[in-house]
Amino acid sequence: MPEATRRLEARLSELAGAPVELERPSDPAHGDYATNVALQVAPASGKGPRELAEELAAAATGMAEVERAEVAGPGFVNLWLAPSWFEEALGEMLEAGADYGCGWAVPHERVQVEMVSANPTGPLTVASARNGAIGDSVARLLAFAGHQVEREYYYNDSGAQVERFRASVDAIRGGEEPPEDGYRGEYVAELAREESDPVATMLKQIEATLERFRIHFDSWALQSELETRLPEFLPKLDTYEKDGALWARSSAYGDDEDRVLIRSPEQGGAPTYRAADVAYLVDKLERGFDRAIYVLGADHHGTRKWYGAIARMLGYDPERIEVLIYQLVHLTSGGRQAKMSKRRGDVVFLDDFMDEVGVDAARWYLANRGPDQTIEIDVDLAAERSEKNPVYYVQYAHARIAGILRNAGGAASNSLLQGRAPEPEERGLVKRLAEFPGIAAEATERRGPQGVPNYAIRVADDFHRFYHHHRVLESDAQAFRLGLCRATQSVIARCLDLVGVDAPERM
RNA sequence: GCGCCUGUAGCUCAGGGGAUAGAGCGACGGCCUUCUAAGCCGUUGGUCGGAGGUUCGAAUCCUCCCAGGCGCACCA
């Protein structure tokens, strides 16, 4: 929020005796900013809301940033901003440049975001892609907010699934069919033709796919390695034996049920995945992360409370553990639906999806929707490289601005109106850009990136409208409009970057 | 049966207490000798699943009901 707005809010808050949050009304007839504070405070003050609103409006009229103030409806105060507000706000953005809206978080934390973490038993699917798109965008938002962020991939290289996978490859190598509960598909046959360890090959392939998807991992954690540290942690847990197995009494610490840590002898006596979870959680926290975020698909939501429970059991502050759940993804093409399951032939792999729609559209469509929504992506629309596709609409605004700036050569850009009143399209655009820090902060705190791309569409709307109505170069307002272009370009580039989409100079 | 998520325009979805509920796609109609028409402008289209409740004010918060998705392993 611009400093000028903060000043306004502070002074109005003092007058009203309650915190004022200026909001942007949807109807332009209601001014540039509005506040409902009179409605909220009136019951306690003994005055009528209209009367209070009148007092606030009268006081606001005298403020330098305010051109005009009105009372409307049951007691809203509507404000129209003075030219000086637009100059100051744009000036702030230009001064901040690419850093506009960053670094607001206090205190800065060390945060680990663990994401994707798919078993290395097959290529990544679109379901894992949503995990990555959300996790990576949240990581980017956290870093933008000022936190120190590390991305980690945790892979299971020692459980029953991996053994089944290896057995399937070995079977084909021996000229047999994979076992009934094994893995099939083209990629299994391909791995069987190579000599290398299929798990290692899969991991390499997964990393390459993720790099292509623009997710870079700082570290990779192995389940087998963490399991070796179990003897260190098991005695610290609240456990009991039942039916020959060792159980964690997690239900006493907020989990829905108790979980088996060590299988009974009849089941092989090996540690479960849950046991490795314990070692991993301690490992994360002991490595010094203030916060550890797990990104899990809805099919794992049953274990959501487990992580907090073991933190509590081991005496750590459970607030340091966060579990982000996202719902499933369906793809449609020509009205038909593809279901994703790694063991069947009709899966949609992330690489195929990127081939089909491009990396930009893939990232866009997977970050575009709230994590709580089960989403359906129309592959045909996502693949369309045209005006129908919002991702290109936004990129086009960026490229258009790049074109103007190229044509401008080194012409001066600033935030000075030189006594001119800003045009409606200029007002709209500056106000829109002023929303950006709030949008980024809200997306970060909600751990949901979807607000960013949706906001970027609004910025592109406002820019295209401004562009259509006003000339930038060789106009009387050239320097101001070039400044506006620069600020817009930088906000669009940042929005796209936060969801892992490129901002092209030309299209 | 229990738990989590969801139900908003024909379709896919924004919307996390405010004024007349928005966008994209779809459908229909205008605008290119001017910095990129991947653009702009307009029309069409909604009992916000239902019923109660809280509030000056509810798509938004609470309760119940209905419908759908996902879980409820000594798989992960």
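Reckoned from all heavy atoms, side chains included, excluding hydrogens, waters and symmetry mates. Keep in mind the model is a prediction, meaning the values are calculated, not measured. A, B, ... follow the sequence lines: proteins, then strands. Residue 1 opens every chain.
If you check B/G26, B/C75, B/C70 against the side chain of A/Gln267, the one that comes closest is B/C75. Among B/G39, B/A76, B/A38, the nucleotide with an atom closest to any side-chain atom of A/Tyr393 is B/G39. Of the candidates B/A76, B/C74, B/G26, the closest approach to any side-chain atom of A/Gln161 belongs to B/A76. For A/Ile404, taking side-chain heavy atoms from C-beta onward, the closest of the listed nucleotides B/A38, B/C35, B/C74 is B/C35.
Annotation: ring pair (Phe, Tyr, Trp, His ring centres under 6.0 Å) contacts of A/His30 (sequence neighbours excluded): none. In terms of the side chain to side chain contact (heavy atoms under 4.5 Å, CB included) criterion, residue partners of A/Pro74 (sequence neighbours excluded) are, by chain and number, A/Leu39, A/Phe76. A/Phe165 meets the ring pair (Phe, Tyr, Trp, His ring centres under 6.0 Å) test with A/Tyr183; sequence neighbours excluded. Shown here are the ring pair (Phe, Tyr, Trp, His ring centres under 6.0 Å) partners of A/Tyr253, two or more places apart in sequence or in another chain: there are none. Listed by chain and residue number, nothing satisfies the side-chain hydrogen bond (donor to acceptor under 3.5 Å, both in side chains) test with A/Arg50 (two or more places apart in sequence, or in another chain). Applying the salt bridge (Lys or Arg N to Asp or Glu O under 4.0 Å) rule to A/Glu442 yields the partners A/Arg446; only residues at least two apart in sequence or on another chain are considered.
Residue A/Lys242 places no side-chain N or O under 4.0 Å from the OP1 or OP2 atom of B/C74. Side-chain nitrogen and oxygen atoms of A/Arg465 include at least one within less than 4.0 Å of the OP1 or OP2 phosphate oxygen of B/C41. OP1 or OP2 of B/A37 lies within a sub-4.0 Å distance of a side-chain N or O belonging to A/Arg400. Side-chain nitrogen and oxygen atoms of A/Tyr467 include at least one within less than 4.0 Å of the OP1 or OP2 phosphate oxygen of B/A37.
For the pair A/Trp247 and A/His468, nearest-nucleotide mapping onto RNA chain B gives the more 5' position to A/His468. Heavy-atom distances to RNA chain B give each of A/Thr303 and A/Tyr392 a nearest nucleotide, and the one nearer the 5′ end belongs to A/Tyr392.
Using modelled atom types, one side-chain atom of A/Arg263 and one backbone atom of A/Pro271 make a donor-acceptor pair closer than 3.5 Å.
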In sequence, state the C-alpha distance, the side-chain angles, and the governing distance for A/Arg68 and A/Glu70, and then conclude on salt bridge (Lys or Arg N to Asp or Glu O under 4.0 Å). CA-CA 7 Å; A/Arg68 185 156 68 87; A/Glu70 269 180 12; 2.8 Å; yes

key: Step-by-step side-chain hydrogen bond (donor to acceptor under 3.5 Å, both in side chains) determination, A/Asn389 to A/Tyr365   = CA-CA 10 Å; A/Asn389 197 335; A/Tyr365 279 94; 2.8 Å; yes

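Across all strands shown, A/Ala397 has no heavy atoms under 4.0 Å from either base or sugar-phosphate atoms. Using a 4.0 Å heavy-atom distance criterion, A/Glu387 is classed as a sugar-phosphate-only contact. Note on A/Ala298: only backbone sugar-phosphate atoms sit closer than 4.0 angstrom, heavy atoms only; bases stay farther off.
Taking atom P on both nucleotides, B/G15 is separated from B/G7 by 10 Å, rounded to a whole Å. Comparing the same atom, P, in B/G68 and in B/U8 gives a spacing of 14 Å after rounding to whole Å. Look at the P atom in both B/G46 and B/A21: the space between them is 12 Å, to the nearest Å. For the P atoms, the distance linking B/A19 with B/A58 amounts to 11 Å, nearest Å. Rounded to whole Å, the separation between the P atoms of B/U20 and B/A59 comes to 11 Å. Look at the C1' atom in both B/G45 and B/A23: the space between them is 14 Å, to the nearest Å. The separation of B/U33 from B/C48, taken at their P atoms, amounts to 46 Å, rounded to a whole angstrom. As rounded to the nearest Å, B/U47 and B/A9 have C1' atoms that lie 13 Å from one another.
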Run the side-chain donor-acceptor check on residues 486-493 of chain A: report pairs under 3.5 Å with partners two or more places apart or on a different chain.
unit_1, atom_1, unit_2, atom_2, d
A/Arg486, NE, A/Ser413, OG, 2.9
A/Thr488, OG1, A/Leu484, O, 2.7
A/Ser490, OG, A/Gly97, O, 3.3

Distance-only donor-acceptor hits, side chain of residues 292-300 of chain A, under 3.5 Å, sequence neighbours excluded:
none

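Contacts between residues 274-283 of chain A and RNA chain B, defined by a heavy-atom separation under 4.0 Å, are made by A/Arg274. Within residues 469-487 of chain A, the residues having any heavy atom closer than 4.0 Å to RNA chain B are, in order of number, A/His470, A/Arg471, A/Val472, A/Leu473.
Spacing between atom CD of A/Gln489 and atom P of B/C35 amounts to 18 Å, rounded to whole angstrom units. Taking atom CG of A/Asp461 as the reference point, atom P of B/C41 lies 8 Å away to the nearest angstrom. The CD-P distance, from A/Glu266 to B/C74, rounds to 13 Å in whole Å.
The glycosidic torsion of B/C31 lies more than 90° away from 0, placing the base in the anti range.
A/Asp258 and A/Ser251 form a side-chain donor-acceptor contact under 3.5 Å, judged by distance and modelled atom types alone. No hydrogens or angles considered: nothing links the side chains of A/Glu474 and A/Gln478 as a donor-acceptor pair under 3.5 Å.
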The dot-bracket string of RNA chain B, counting Watson-Crick and G-U wobble pairs with both distances under 3.5 Å, using [ ] for crossing pairs and | for pairs to another strand, is ((((((((.[[[[.)..(...]]]]((((((.......))))))....[[[[[..)....]]]]])))))))....

Its contact letters, B for base, S for sugar-phosphate only and - for none at protein heavy atoms under 4.0 Å, make nucleotides 10-22 of chain B read --SSSSB-BBB--

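Ring to ring, A/His398 and A/Phe463 are not that close: their centroids are 6.0 angstrom or more apart.
Contact record, A/Met202 with A/Thr121: CG-C, 4.3 Å, taken as the closest heavy-atom pair.
In this structure, A/Glu426 pairs ionically with A/Arg420, as a charged nitrogen and a carboxylate oxygen lie closer than 4.0 Å.
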